[in-house]
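Input: a single structure, listed below in structure tokens.
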Amino acid sequence: MFYVFHVDVNSAYLSWEAVYRLQQGDSLDLRTIPAVVGGSEADRHGIVLAKSIPAKKYGIHTGETLYGARQKCPGLVVVPPRYELYIKCSEAMVAIMNQYVPLIQRYSIDEAFLHYQLPPDMMPGQGAEAAAVAAARRLKTQIRQELGFTVNVGIGPNKLLAKMASEFQKPDQVHTLFRHEVPEKMWPLPVQELFFVGRATARKLRGYNIFSIGQLAATDPKLIHCWLKKPGLLIWQYANGLDDSRVTDEPMPVKSIGNSNTLSFDVTDRATAHQILLALCETTAMRLRKIRRCAQVISVTLRSSELITYRHQCRLTSPTDVTSLLWQESCRLFDNFWRKEPLRHMGVHLSDLCSNEYYQLSLFHQHLEKHHQLDRTIDALRLRFGTRAVFRGCFSHSPIQPLMGGVLQDQEAEYPMMVSYL
DNA sequence: TCTGGGGTCCTAGGACCC
DNA sequence: TCTGGGGTCCTAGGACCC
């Protein structure tokens, strides 16, 4: 007999930033004023990454532009993100959770599922529920006292209901959503608050006169399937509180990796675009080699200054992890489909990954051997001396960063996604 | 100086094969 | 010479999550 806990850090980036600043001697607590963590507007990354509860009261939401957020709240305080700090905060929280349960599934940097096993002599019922709530309260309090930030803990019989419960009133709360509480606590909620019901699905459901989670739960699943195909069945199950996915700490196999970047200036010429593709291929291929995979499909994504996004992909003649080969392919794709308009964003993604073992053993690719050697050597140098230790000559007198996208670090956190489609 | 970056999964439609 | 049908592979696009 077990329950699932879902732990969710309240306003994660903003809370962590606030705690850090207080520790550094700042007297102002960002959580108590309208404040957001936001990207750099000069670099055209100006969106809200996290908001304080007072900022939320102005109608500011995550993902909107800082420009828009300031319109809603002229005195808004904006602070830049500090990802290394957030990773440390996340690690510290998981260390505390480990004192409570042995099985933890990290779902994102600020969310985790815990498998809470009841003592073998305890039968399901009010005693068991009370025991779970008491444990969750202790966990929540310990995190607050030792780390200085607050979390919500949702308790349920499965991951879905635990996650829904953690979304109830915030901050610093423990909520339950046991099966017998579903009609009272979950069914009256608007349908878009159900996990996996986004804006598009909510709009469609409203078109069918379904406004609440309870209405969705009471609809014939055949009908939902007809309207929304496979995801429809999933959300119908969720609406009924059904989810049999397990809490697991086994990492999910990586299906694809990629890096993309909104550029600080619009790109209008082919040579610059090719150089940016190289900077993106460098990081993406480095990550690919780190997980010992080769890619069989490569795709290039472009976003125009008018914010039109399009993507083209192709299958490689043979799997590879060689930076220069991936770059070559990305340039070929780019030349074939770029519509010649100014570009504000470019990306390179690799998918259909396979093991690199055969490839490494292959002696047929002797002419590739020097590429392998080169990549391996560069990877090792960057690991030892930092990612900026080695870069290609073409970047030396260029405004373009030689490596674009996520920087590899030893402690780089990888968070497996929830198994959404069962 | 107004719109990020990392993913997963599903579906439709075309090409191609038998 | 009046155009079935199943299956696979591939690509583009969309939806969702944090």
Side-chain angles (χ1 to χ4, degrees), chain A residues 6 8-9 12-13 37-50 61-72 78 80-81 83 86 90 106-112 159-160 163 166-167 192 194-204 225 228-235 238 251-266 280 283-284 287 296-316 333 336-337 344-353 404-407 412-422:
Chain A
H6 180 252
D8 190 337
V9 179
Y13 288 3
V37 175
S40 153
E41 285 170 295
D43 293 339
R44 309 202 294 188
H45 288 57
I47 62 156
V48 173
L49 298 164
H61 43 86
T62 304
E64 81 170 309
T65 59
L66 293 176
Y67 178 86
R70 280 202 199 84
Q71 302 281 97
K72 293 175 181 171
V78 181
Y83 294 105
Y86 309 153
S90 181
R106 299 184 71 172
Y107 183 61
S108 71
I109 194 166
D110 68 329
E111 290 181 38
K159 285 159 76 174
L160 183 268
K163 181 154 173 64
S166 70
E167 298 293 314
Q192 61 268 27
L194 183 63
F195 182 71
F196 239 73
V197 175
R199 205 191 329 191
T201 304
R203 192 171 50 236
K204 283 185 200 164
H225 182 248
L228 303 170
K229 307 300 174 201
K230 205 169 171 182
L233 288 182
L234 184 77
I235 61 170
Y238 285 175
M252 298 251 303
V254 178
K255 302 282 177 62
S256 72
I257 55 176
N259 284 112
S260 64
N261 203 266
T262 294
L263 311 157
S264 52
F265 58 93
D266 283 352
L280 291 163
T283 45
T284 309
R287 292 171 59 203
Q296 303 186 88
V297 170
I298 181 166
S299 93
V300 171
T301 303
L302 304 179
R303 182 174 302 145
S304 71
S305 53
E306 310 277 280
L307 296 167
I308 308 294
T309 304
Y310 54 109
R311 170 180 73 94
H312 273 238
Q313 69 177 51
C314 73
R315 179 158 285 268
L316 302 169
L333 271 173
N336 283 338
F337 81 107
R344 75 174 273 131
H345 174 106
M346 298 178 70
V348 170
H349 291 84
L350 306 173
S351 56
D352 207 339
L353 308 183
M404 264 186 201
V407 174
E412 185 183 13
E414 304 206 8
Y415 308 103
M417 296 296 290
M418 182 178 184
V419 179
S420 306
Y421 294 89
L422 304 173

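A note on names: the letters A, B, ... follow the listed sequences, proteins ahead of strands, and every chain is numbered from 1.
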For the side chain of A/Tyr310, counting heavy atoms from C-beta on, which of C/dG13, C/dC18, C/dC16 is nearest?
C/dG13
Please tell me which of A/Lys229 and A/Tyr83 maps to the more 5' nucleotide of DNA chain B, matching each residue to the nucleotide holding its nearest heavy atom.
A/Tyr83
Which part of the nucleic acid, if any, lies within contact of A/Thr201, taking any heavy atom under 4.0 Å across all strands shown: a base, the sugar-phosphate backbone alone, or nothing?
sugar-phosphate
Would you mind reporting whether A/Val348 and A/Ser260 have side-chain heavy atoms less than 4.5 Å apart?
no
Between C/dG14 atom C1' and A/Arg311 atom CZ, what is the distance in whole Å?
10 Å
side-chain N/O A/Lys230 vs B/dC9 OP1/OP2, d < 4.0 Å:
no
Does C/dC18 have OP1 or OP2 sitting under 4.0 Å from an N or O in the side chain of A/Arg106?
no
Of the nucleotides C/dC18, C/dC10, B/dC10, which one has an atom closest to the side chain of A/Pro231?
B/dC10
Please answer whether the main-chain N or O of A/Met404 pairs with a side-chain N or O of A/Thr283 as donor and acceptor at a distance below 3.5 Å.
yes
When rounded to whole Å, the OH to P distance for the pair A/Tyr107 and C/dC16 reads 14 Å
Would you tell me whether A/Asn259 and A/Thr284 have side-chain atoms, one donor and one acceptor, within less than 3.5 Å of each other?
yes
Min side-chain heavy-atom separation A/Leu316-A/Val297 under 4.5 Å
no
On DNA chain B, more 5' by nearest nucleotide between A/Glu41 and A/Arg303 is A/Glu41
Please work out if A/Val297 contacts a base, only the sugar-phosphate, or nothing of the nucleic acid, heavy-atom cut-off 4.0 Å.
nothing
Using a heavy-atom cut-off of 4.0 Å across all strands, would you classify A/Gly63 as base, sugar-phosphate, or nothing?
nothing
Where the side chain of A/Lys163 is defined as all heavy atoms beyond and including C-beta, which of B/dG6, C/dC17, B/dG4 is the nearest nucleotide?
C/dC17
With a 4.0 Å cutoff (strictly under), does any side-chain N or O of A/Thr262 reach OP1 or OP2 of B/dG4?
yes
Rounded to whole angstrom, note down the P distance from B/dG14 over to C/dG4.
16 Å
Any side-chain N or O of A/Asn259 below 4.0 angstrom from OP1/OP2 of B/dG5?
no
I need the NZ-C1' distance between A/Lys255 and C/dC16, as an integer number of Å.
15 Å
Using atom types as modelled and distance alone, determine if a side-chain donor or acceptor of A/Arg344 lies under 3.5 Å from a backbone N or O of A/Leu263.
no
Nucleotide paired to B/dT8 in any strand shown, Watson-Crick or G-U, under 3.5 Å
C/dA15
Of the candidate nucleotides B/dT8, B/dC10, B/dG5, which contains the atom at the shortest distance from the side chain of A/Asn261?
B/dG5
Compare side-chain N and O positions of A/Ser256 against OP1 and OP2 of B/dT8 and report whether any pair is under 4.0 Å apart.
yes
Check the distance between B/dT8's P and A/Gln313's CD and give it to me in whole angstrom.
14 Å
Describe the nucleic acid contact of A/Gly198 in one word from base, sugar-phosphate, nothing, applying a heavy-atom distance below 4.0 Å.
sugar-phosphate
Rounded to the Å, how far apart are A/His345 NE2 and B/dT3 P?
13 Å
Using the C1' atom as the reference point in each nucleotide, state the distance between B/dG6 and B/dC2 in Å, no decimals.
22 Å
Is there a donor-acceptor contact under 3.5 Å from the side chain of A/Gln296 to the main chain of A/Asp352?
yes
A/Arg344 side-chain N/O to B/dC2 phosphate OP1/OP2 under 4.0 Å:
no
Looking at the side chain of A/Thr65, which of B/dT8, B/dC10, B/dT3 is the nearest nucleotide?
B/dT3
In whole Å, I'd like the distance from the CG atom of A/Leu234 to the C1' atom of B/dC9.
11 Å
So does A/Asp266 pair up with A/Arg303, basic N to acidic O under 4.0 Å?
no
Rounded to the Å, how far apart are A/Ile47 CD1 and B/dG6 P?
12 Å
How would you label the contact of A/Ile257 with the nucleic acid (heavy atoms, under 4.0 Å): base, sugar-phosphate, or nothing?
sugar-phosphate
Would you say B/dG6 has OP1 or OP2 under 4.0 Å from some side-chain N or O of A/Ser260?
yes
Looking for any heavy atom pair under 4.0 Å, which part of the strands does A/His312 touch: base, sugar-phosphate only, or nothing?
sugar-phosphate
Please evaluate the base of B/dG4 for a donor-acceptor partner in the side chain of A/Arg44 within a cut-off of under 3.5 Å?
no
Identify whether any heavy atom of A/Glu111 sits under 4.0 Å from a base atom; if not, whether one sits that close to sugar-phosphate; answer base, sugar-phosphate or nothing.
sugar-phosphate
Has the side chain of A/Glu64 got a donor or acceptor atom that lies under 3.5 Å from a matching backbone atom of A/His61?
yes
From C/dC17, C/dC16, B/dG4, pick the nucleotide closest to the side chain of A/Leu49?
B/dG4
Rounded to whole Å, how long is the line connecting atom CZ of A/Arg203 with atom C1' of C/dA15?
11 Å
